Amino acid sequence: MSEIKKEWPLWEVFIRSKQGLSHKHVGSLRAADAKMAIENARDVYTRRSEGISIWVVESVNVHASNPTEQGPMFEPSDDKVYRHPTFYEVPEGVGHM
Amino acid sequence: MNKELYEYVLRMGDDSLILGQRLGEWCGHGPILEEDIALTNVALDILGQARILMDYAGKLTNKKEDEVAFLREEWDYKNVLLVEQPNGDFAKTILRQFFFDAFRLPFFKELQNSKDETLSGLALKAVKETTYHLQHSSNWVIRLGDGTDESHQRLKTALEELWMFTGELFYADEVDTKLVNEGIAVDLNKIKPIWDAKVSEVFAQAKLQIPEESWMQKGGRKGKHTEHLGFLLSEMQYMQRAYPGCEW
């Protein structure tokens, strides 16, 4: 049998606000399982009406890009400004985009 | 003044006020940060309910909310003995909360139909709050009961200490009779089977035995309290006694 862990696993919390279209990362917390993680997220991160939907993901399941590879990962796009949609004339009458 | 209504509002309000104070004692002492905040959230909901009732009791007697909440003597508090019991360990606090929430949820659901608008209005708001409280305390009773040997044992000890205070939740006398007839109060006979069913359901999952019928303590509704209330009041009333009329 594996040794009983003293600390509960870490979870990442994502909240969707009332007007929000997507869930946004708001922080992390500890909980024994997903059910407790959602309850704890409710108590820790929605006390001031921040949201109407909660996602939790165990932190070990989040895979991240490597900070030391920032150059090859992200810099090649820096000199490709034409990828931004700023070269179009916005026709009159479109209003706010 | 409707003497019975005042009495009824105090009973309900003192249940909330005293339990809110007890839960507040956990602030900064929760077993983990997340639970510390959860317990404080519950305390604040319950204190909010207490404030509405203290304010209402004040209106019925021409007093301020704070006067009603803080300037009565021990024997004028009408809460059930359950809520004044010391926090003990986390298991005891959670079990006390579970017994109370399992009572309060069906109680507030019924109170929504009260002919008294202040009470039905309070109930409407409190049903949502209490639904979550009961979910939270039920989950913890199950986790602790069906957890490790130690958590199970602690919950069992808490049960032995608290069970005798659960009968009083259903104490009713002439105050209830009169107000039930007027369509204001909740008929507690309707609440008891719902409470029994909830306790059975959660205890089954928590692997706890419901104790056999035993002597049930009572007295709180008539102002006869356990030795613990006085200490709680001396702390809770300190500010109003030291600085009469002080406001935040």
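Small disclaimer: the values here were computed from a predicted structure and weren't measured. Proteins get letters first, then strands, A, B, ... in listed order; numbering begins at 1 in each. These numbers come from the heavy atoms of this one structure, side chains and all, not from hydrogens, waters or symmetry mates.
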For A:A32, side-chain contact (heavy atoms from CB on, under 4.5 Å) partners two or more places apart | A:W8, A:M36, B:R143
Do other residues, nucleotides or ligands put more than 12 heavy atoms under 6.0 Å from the OH atom of A:Y82?
-> yes
N/O donor to acceptor pairs below 3.5 angstrom from side-chain atoms of residues 83-91 of chain B, sequence neighbours left out:
{"from": "B:E84", "atom 1": "OE1", "to": "B:N79", "atom 2": "ND2", "distance (Å)": "2.9"}
{"from": "B:E84", "atom 1": "OE1", "to": "B:H225", "atom 2": "ND1", "distance (Å)": "2.7"}
{"from": "B:E84", "atom 1": "OE2", "to": "B:T226", "atom 2": "N", "distance (Å)": "2.8"}
{"from": "B:E84", "atom 1": "OE2", "to": "B:T226", "atom 2": "OG1", "distance (Å)": "2.6"}
{"from": "B:Q85", "atom 1": "NE2", "to": "B:L81", "atom 2": "O", "distance (Å)": "2.9"}
{"from": "B:Q85", "atom 1": "NE2", "to": "B:T226", "atom 2": "OG1", "distance (Å)": "3.3"}
{"from": "B:N87", "atom 1": "OD1", "to": "B:R96", "atom 2": "NH1", "distance (Å)": "3.1"}
{"from": "B:N87", "atom 1": "OD1", "to": "B:R96", "atom 2": "NH2", "distance (Å)": "2.8"}
{"from": "B:N87", "atom 1": "ND2", "to": "B:R22", "atom 2": "O", "distance (Å)": "3.0"}
{"from": "B:N87", "atom 1": "ND2", "to": "B:E25", "atom 2": "OE1", "distance (Å)": "3.2"}
{"from": "B:D89", "atom 1": "OD1", "to": "B:A91", "atom 2": "N", "distance (Å)": "3.3"}
{"from": "B:D89", "atom 1": "OD1", "to": "B:K92", "atom 2": "N", "distance (Å)": "3.0"}
{"from": "B:D89", "atom 1": "OD2", "to": "B:R154", "atom 2": "NH1", "distance (Å)": "3.1"}

Report the C-alpha distance between B:N139 and A:K35 in whole Å, list the side-chain angles of each, state the deciding distance to 0.1 Å, and finish with yes or no for side-chain contact (heavy atoms from CB on, under 4.5 Å).
-> CA-CA 9 Å; B:N139 285 346; A:K35 188 177 175 186; 3.3 Å; yes
Sequence neighbours excluded, the answer for side-chain contact (heavy atoms from CB on, under 4.5 Å) partners of B:K192 is B:F170, B:D196
Residues of residues 38-50 of chain A within contact distance of chain B, non-hydrogen under 4.5 Å | A:E39, A:N40, A:R42, A:D43, A:V44, A:R47
Is the count of non-hydrogen atoms from other residues, nucleotides or ligands lying under 6.0 Å from B:K125 atom NZ greater than 12?
-> yes
Mark yes when over 12 heavy atoms from residues, nucleotides or ligands other than B:E201 sit less than 6.0 Å from its CD; otherwise mark no.
-> yes
